[in-house]
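Note sheet for the following structure.
These numbers come from a predicted model, not from an experiment. Along the sequence shown, the residues carry numbers beginning at 1. Basis for what follows: all heavy atoms, side chains included, without hydrogens, waters or symmetry-related copies.
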Amino acid sequence: MTLEEIHGQQPMPAGQDWLQGAGTALHELLVSAQRRGCLTAGVYESAKLMNVDPDNVAFCVLAADQEDEGDIALQIHFTLIQAFCCENDIDIVRVNDVAKLAAIVGPSEDSGEPRDLHCILITNPNEEGWKDPALEKLNMFCEESRNVNDWVPTITLPE
């Protein structure tokens, strides 16, 4: 019996197609979560939310560009966030293009200023029965990645 048979789903697409599907699903999830008010952006804001209400966090996105890779403080924050997510069974992915993420999420609704997009949390809305197909696809992508020992997979956002 295969994992697909157990979950009653179609087999996972192979290679690059599946990775592109994950990027599209992440784009859809971010747009949907922002529309529903279920998106928290910023390393410090995310850390506060995870400390107060970890059970409400459904998904985590860490983003860094090439120039951010040398930022030791940011890398320490990422390590702590990853550990927290693993401990609390929160799926987590990395994105290597903060500019694409900013184009999807946009500026802060309050001030209109650019916001810290190095960490984005998707929380569960107060609505009962909210099931986002994009979130389900990403959860499955993360599960499959963990099966091949890729605990924090990197996703490329679509153009």
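Listed by chain and number, the residues in a side chain to side chain contact (heavy atoms under 4.5 Å, CB included) with Ile72 are Ile76 (sequence neighbours excluded). Shown here are the side chain to side chain contact (heavy atoms under 4.5 Å, CB included) partners of Glu45, two or more places apart in sequence or in another chain: Thr40. Legend: residues meeting ring-ring contact (aromatic ring centres under 6.0 Å, His included) with His77, ordered by chain and number and at least two apart, are Tyr44.
Residue Arg115 holds its CZ atom at 6.0 Å from CG of Leu39, rounded to the nearest 0.5 Å. The structure places CD1 of Ile81 at 11.0 Å from NE2 of His118, a figure rounded to the nearest 0.5 Å. Atom CG in Leu80 sits 11.5 Å away from atom CD in Gln75 (nearest 0.5 Å). One finds the CG atom of Asp53 at 8.5 Å from the OG1 atom of Thr123 (value rounded to the nearest 0.5 Å). Atom CE of Met50 and atom SG of Cys119 lie 5.0 Å apart (nearest 0.5 Å). Rounding to the nearest 0.5 Å places NZ of Lys137 at 11.0 Å from CG of Leu29.
Side chain of Glu28 to backbone of Ala134: no donor-acceptor contact under 3.5 angstrom is found. Using a distance-only test at 3.5 Å, with no hydrogens or angles considered, no donor-acceptor pair links the side chain of Asn124 to the main chain of Ala58.
Taking hydrophobic clusters as Ile, Leu, Val, Met, Phe, Trp and Tyr residues chained together by side-chain heavy-atom distances below 4.5 Å, Val98 shares a cluster with Ile104. Phe59 and Val95 fall within the same hydrophobic cluster, where Ile, Leu, Val, Met, Phe, Trp and Tyr residues are linked whenever their side-chain heavy atoms come under 4.5 Å apart, directly or through other members. Leu49 is connected to Leu62 through a chain of hydrophobic side-chain contacts under 4.5 Å among Ile, Leu, Val, Met, Phe, Trp and Tyr, so both are in one cluster. Residues Leu26 and Ile122 are members of one and the same hydrophobic cluster, defined by side-chain heavy-atom contacts under 4.5 angstrom among Ile, Leu, Val, Met, Phe, Trp and Tyr. Hydrophobic clustering places Leu135 together with Val93 (ILVMFWY residues linked when any side-chain heavy atoms are closer than 4.5 Å, directly or through intermediates).
Among residues at least two apart or in separate chains, side chain to side chain donor-acceptor pair (under 3.5 Å) pairs with a member in residues 94-106 are Lys100-Glu159. Sorted by first and then second residue, the salt bridge (charged side-chain N to carboxylate O under 4.0 Å, His left out) pairs involving residues 64-86 (not counting sequence neighbours) form an empty list.
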Quiz: residues 83-92 side-chain donor-acceptor pairs under 3.5 angstrom, not counting sequence neighbours:
{"unit_1": "Asn88", "atom_1": "ND2", "unit_2": "Phe84", "atom_2": "O", "d": "2.9"}
{"unit_1": "Asp91", "atom_1": "OD1", "unit_2": "Arg146", "atom_2": "NH1", "d": "2.7"}
{"unit_1": "Asp91", "atom_1": "OD1", "unit_2": "Arg146", "atom_2": "NH2", "d": "3.3"}
{"unit_1": "Asp91", "atom_1": "OD2", "unit_2": "Asn139", "atom_2": "ND2", "d": "2.6"}

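In terms of heavy-atom proximity, Phe78 sits nearest to Ala64 at CE2-CB, 3.9 Å. Summarising the geometry of Gly23 relative to Leu157, their closest heavy-atom pair is O-CD2, 3.9 Å, with the distance given to 0.1 Å.
Apart from Val148 itself, the hydrophobic cluster it occupies contains nothing, where clustering links Ile, Leu, Val, Met, Phe, Trp and Tyr at side-chain heavy-atom distances under 4.5 Å.
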Discussion item. Checking Cys60 against Ser46 for the side chain to side chain contact (heavy atoms under 4.5 Å, CB included) test, could you report, in this order, the C-alpha distance in whole Å, the side-chain angles of both residues, the deciding distance, and whether it holds?
Written reply: CA-CA 9 Å; Cys60 179; Ser46 296; over 6 Å; no

Fill in: Candidate pair Leu138 and Ile155, rule side chain to side chain contact (heavy atoms under 4.5 Å, CB included), full reasoning
CA-CA 10 Å; Leu138 286 167; Ile155 291 180; 3.7 Å; yes

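With Val105 as the fixed residue, the side-chain contact (heavy atoms from CB on, under 4.5 Å) test singles out one of Val61, Val31, Leu117: Leu117.
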